[in-house]
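These values consider heavy atoms only, across backbone and side chains, with no hydrogens, waters or symmetry-generated copies.
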Amino acid sequence: MKKTLSGRSYLALAIGLALSANTVQAQQDNSEAESSNAEQPAAATGLGFERVLVTGAVSRNQTVMQSSVSVSTLTFDDIDVTAPRSTAEIFRMLPGVRSESTGGEGNANIAVRGLPVAAGGAKFLTLQEDGLPVLQFGDIAFGNADIFVRADATLSRLDVIRGGSASTLASNSPGGVINFISKTGIENGGSIALTTGLNYDQFRTDFEYGGDINADTRFHFGGFIRQGEGIRDPGYQGERGYQFKANITKEFDTGYVRIYGKHLNDKAASYMPMPMFADGSSVPGYDSQKDTLQSVYLTQTVRLNGANQVSRGDLRNGMNPEVNSFGVEALFDLDDNWSIDNRFRVSSVSGNFITLFPAEIDSSQNIANSIAGDGAIVRYAVGPQAGELYNANAMRIHTFDVEINDFGSIVNDLKLSRSFGDVNVSLGYYLADQSINMSWLWNSYFMALKGDNAELLDVYAANGTAFSEQGLLAYGVPFWGNCCQRNYNTDYSIKAPYASASWGFGDWSLEASVRRDMGKASGSYAGAVQSSRDMNGDGIISQVEQSVSGIDLSNPQLVNYDWGYNSYSVGANYQYSRDWAIFGRVSQGGRANADRLLFGKVRADGSVAKEDAIDQVKQYELGSKSRHGNLNLFATLFFAETDEQNFEATTQQFFDRVYKAKGIELESSYRIGDFDLRGSVTWTDAEISKDALDPSVVGNTPRRQADFIYSLLARYTMDKAQVGVSLVGTSAAYAQDNNDLKFAGYTQVNAFANYELAQNLTVSVNINNLFDTIGITEAEQGSVPANGIITARTINGRTASVGLRYQF
């Protein structure tokens with residue numbers, strides 16, 4: 001399976017090493033510029049080395065060139081050129097960030113600089129909105145943070161901190177922070193944009209408007225609404241939803257107060273690993289780049305809910321976040337060089353995560369025999385051929401059916417800062433409460449191996465006894481030992497005092513920060529229990545009703561443990577000349593484990609071993625920032641050692657490991673006239689250095705960790721038009737930690753063009769995956785099975801859309 005990079009991949013890699021371009025945010029000359037959430041006008045200044053850092057990672061009044069922090073920015077215009085089809089696809093343009101965005105609108109796996117993704121999500125990375133975390137834990141099972149955030153026209157920019165400096169910036173974020181910063185109405189006006197797919201069914205409207213209410217008060221509001229089948233056709237309307245955001249800012253002589261709110265209710269299909277051959281090519285009847293497991297023949301599922309009551313799940317909901325949040329932020333300069341910065345937000349978060357997962361792929365006869373014995377008979381259960389015999393490949397399907405009852409949170413971050421000449425000092429206190437209350441309600445189905453509205457199948461024993469009902473094999477997942485009927489009702493509180501200081505003298509600047517995270521977990525959880533139950537109410541206990549999975553509510557397990565860890569980060573920067581600076585940094589950060597400890601790591605009294613409760617990350621960085629005419633280059637050598645405990649839901653596997661990763665991250669920009677480029681490349685050498693549970697993998701490369709990831713954004717601006725192209729790619733990577741099955745590298749090319757039809761009216765066309773490239777990002781198997789069919793995710797095939805935007 002080992003393959004080399006294509007010529008086009010090497011070309012992208014070489015270009016990415018030397019070239020890139022960036023439209024960055026200029027310094028704002030009022031007190032709000034020092035807020036990490038300040039909306040700032042764009043200015044074409046390469047990588048923005050003279051931009052004042054407003055990320056909160058260091059004390060105030062330092063430029064990027066003066067600081068030892070790895071920080072990047074993506075503006076709204078940058079994002080447009082990359083033609084993303086989901087929020088996670090935006091992250092692929094960030095240096096050092098590996099974003100596996102093949103799951104749909106959310107549920108992406110996101111990693112930074114070789115830190116592991118052992119069980120999905122963004123464990124060591126925090127996603128923020130306007131300076132506060134979307135969720136306190138980025139890898140909640142079936143509740144990854146990216147599910148609950150959307151990028152739309154209200155977005156001003158993304159600010160990104162990578163590496164050890166993030167260890168003390170936020171709780172549970174030693175790898176980095178990606179901050180979605182909203183527009184606040186600094187510029188009067190707005191826009192409305194209509195976008196429709198050309199070769200897929202989606203229609204979306206984005207809108208935003210803001211400006212001055214009076215001399216010292218301004219506002220901004222906006223959002224999106226969309227509907228359609230989506231990029232992959234599930235057989236029904238797979239995308240339905242909207243978001244609305246608003247804020248109002250009152251400015252004072254010495255600062256400002258802002259209140260803001262958000263309402264998100266979106267439904268989008270979740271794409272699980274799908275059947276394909278190990279090289280990514282399609283199996284007969286299923287197009288790996290365009291098809292989906294969802295089917296019009298399976299839109300409803302009946303199961304017991306978290307209270308063991310008969311209930312119904314709707315597959316059409318997909319990933320369905322329902323978020324209502326309200327926040328207040330204030331920043332004021334006080335007497336004697338003091339300033340105070342406080343951010344508060346309360347969020348109500350609920351919804352659903354429901355999709356289909358292929359637990360087994362084989363000939364229909366083999367699967368049927370394992371269910372009903374030798375000589376079993378398979379027939380179509382639905383559709384125009386209902387009752388007829390079926391004799392082809394099939395899938396045992398599990399419904400990943402999760403009700404998100406409560407993921408709500410309350411967060412407050414208070415910071416006091418003071419300048420003592422050349423020394424800036426900040427003291428802060430962070431408080432957060434996070435609920436994780438959800439129910440897993442999984443069933444099993446039998447389905448034809450087909451990508452276009454696959455039919456459900458029924459199984460009969462040789463004597464005619466039915467072992468399924470309308471394709472339903474079981475109320476539960478007996479193929480996985482009925483593992484997964486579960487209910488969580490837990491709460492996590494975090495308290496974190498922190499401090500930072502920076503000192504500038506001559507050409508040197510020194511930075512140091514510390515943070516103490518203290519947390520407590522409380523609540524309960526319960527697993528599966530089997531019983532017979534008349535699920536359809538016909539008065540008869542059928543074959544599939546003889547063993548129904550419910551929640552063992554009479555035997556809840558206690559959760560009652562504390563954790564605490566210290567984080568620090570120390571950096572130094574020497575500016576050798578106006579155009580060159582070198583820096584170094586040493587950091588240690590931590591990450592508290594949450595729901596993934598349940599069902600295996602929690603003791604009978606609710607306690608958890610210290611080594612299980614906390615994961616530690618040590619990081620070392622040495623870097624350079626330089627300008628060479630129109631060429632800017634940001635280069636960072638890095639080393640990280642990560643201790644990790646984790647649990648993966650699909651394999652029911654725990655992890656207890658130490659990982660090591662070293663490499664170099666390069667980000668660069670080049671601009672000449674109306675032509676500009678921006679690119680990055682990251683080389684990573686990672687290995688599993690210790691494994692307490694499976695020593696056989698020690699020395700292996702962690703799964704899905706490529707040696708190279710790279711991106712390139714190029715655009716040319718004319719009088720009334722702009723054209724652009726973006727490339728994202730990766731070298732080869734192993735599917736699993738056993739290092740047997742290896743996926744080839746790939747380069748995905750996206751294209752963008754717009755033209756001003758009239759003043760302020762622009763039409764645009766963008767194409768995602770222009771050359772219809774196949775690129776596998778993950779797979780369930782570590783080796784190719786006997787039938788040659790694996791279950792994996794690949795990037796979507798070519799999609800094109802057209803948009804019309806009017807600015808006013």
Side-chain angles (χ1 to χ4, degrees), residues 272-278 283-286 293 295 297-298 301-303 356-400 442-451 453-485 528 530-536 538 540-549 650-652 780-791:
M272 288 288 109
M274 294 166 276
M276 64 187 71
F277 292 117
V283 300
Y286 195 103
L293 298 169
S295 170
Y297 293 113
L298 182 52
T301 180
V302 176
R303 70 294 203 255
L356 303 179
F357 182 89
E360 183 183 15
I361 297 176
D362 205 341
S363 71
S364 59
Q365 191 63 55
N366 285 344
I367 297 177
N369 288 347
S370 70
I371 296 168
D374 291 344
I377 300 168
V378 182
R379 297 184 184 275
Y380 285 96
V382 295
Q385 296 174 278
E388 296 181 15
L389 293 174
Y390 179 86
N391 186 21
N393 284 338
M395 301 179 287
R396 189 194 302 257
I397 291 290
H398 290 172
T399 54
F400 282 3
W442 298 9
N443 282 352
S444 302
Y445 291 86
F446 198 22
M447 181 178 281
L449 178 52
K450 181 181 176 183
N453 289 321
E455 295 89 353
L456 293 170
L457 306 172
D458 274 332
V459 180
Y460 300 87
N463 63 6
T465 302
F467 275 75
S468 64
E469 294 178 357
Q470 291 290 292
L472 175 72
L473 294 175
Y475 292 102
V477 286
F479 187 63
W480 286 351
N482 282 323
C483 63
C484 298
Q485 232 72 3
Q530 301 303 121
S531 64
S532 63
R533 185 147 178 183
D534 183 9
M535 295 293 291
N536 58 16
D538 65 357
I540 301 172
I541 301 298
S542 66
Q543 179 73 32
V544 296
E545 293 172 330
Q546 291 178 11
S547 182
V548 175
S549 292
T650 55
T651 62
Q652 300 293 291
E780 296 299 304
Q781 296 79 15
S783 303
V784 180
N787 63 10
I789 300 175
I790 63 171
T791 50

Donor on one side chain, acceptor on other, Q543 and T465, under 3.5 Å: no

S364 and F446: CA distance, side-chain angles, deciding distance, side chain to side chain contact (heavy atoms under 4.5 Å, CB included) verdict: CA-CA 9 Å; S364 59; F446 198 22; 4.2 Å; yes

Spacing of CZ belonging to F277 relative to CD1 belonging to I789, to within rounding of 0.5 Å: 5.5 Å

By side-chain hydrogen bond (donor to acceptor under 3.5 Å, both in side chains) - contacts of D534 (at least two apart): none

Any side-chain heavy-atom pair of P358 and L293 under 4.5 Å: yes

W480 vs W442 side-chain heavy atoms within contact, under 4.5 Å: yes

Euclidean distance, F400 CZ relative to M272 CE, rounded to 0.5 Å: 6.5 Å

S783 side, atom OG; I790 side, atom CD1 - distance, nearest 0.5 Å: 11.0 Å

Donor-acceptor pairs are to be reported for all side-chain atoms of residues 455-462 against protein atoms at under 3.5 Å, with residues two or more places apart or in another chain.
| residue | atom | partner | partner atom | Å |
| --- | --- | --- | --- | --- |
| E455 | OE2 | K450 | NZ | 3.1 |
| D458 | OD1 | S468 | OG | 2.7 |
| D458 | OD1 | Q470 | N | 3.2 |
| D458 | OD1 | G471 | N | 2.9 |

Rounded distance (nearest 0.5 Å) linking atom CD of Q365 with atom OG of S370: 10.0 Å

Counterpart residues, side chain to side chain contact (heavy atoms under 4.5 Å, CB included), relative to S532 (two or more places apart): I541

Audit row: Y445, T301, side chain to side chain contact (heavy atoms under 4.5 Å, CB included) steps and yes/no: CA-CA 10 Å; Y445 291 86; T301 180; 2.9 Å; yes

Which residues share a side-chain hydrogen bond (donor to acceptor under 3.5 Å, both in side chains) with Y475, sequence neighbours left out: none

Over all atoms of both residues, closest heavy-atom pair of A278 and V784: CB-CG2, 3.7 Å

Residues which pass side-chain hydrogen bond (donor to acceptor under 3.5 Å, both in side chains) with N453, listed by chain and number, not counting sequence neighbours: none

Show which side-chain atoms of residues 372-395 pair as donor or acceptor with protein atoms under 3.5 Å away, not counting sequence neighbours.
| residue | atom | partner | partner atom | Å |
| --- | --- | --- | --- | --- |
| R379 | NH1 | G387 | O | 3.0 |
| Y390 | OH | N393 | O | 2.6 |

Beyond-backbone contact of I371 with F479, side-chain heavy atoms, under 4.5 angstrom: no

From CD (E545) to CG (L472), nearest 0.5 Å: 9.0 Å

Donor + acceptor pair across side chains of T791, E780 (<3.5 Å): no

Shortest non-hydrogen contact between A448 and A454, atoms and distance: O-CB, 3.4 Å

Distance (rounded to the nearest 0.5 Å) between N366 CG and I361 CD1: 13.5 Å

Partner residues of T399 under the side-chain hydrogen bond (donor to acceptor under 3.5 Å, both in side chains) criterion, sequence neighbours left out: none

With sequence neighbours excluded, residues passing salt bridge (charged side-chain N to carboxylate O under 4.0 Å, His left out) with R396: E360

Distance-minimising heavy-atom pair for N443 and V302: ND2-O, 2.7 Å

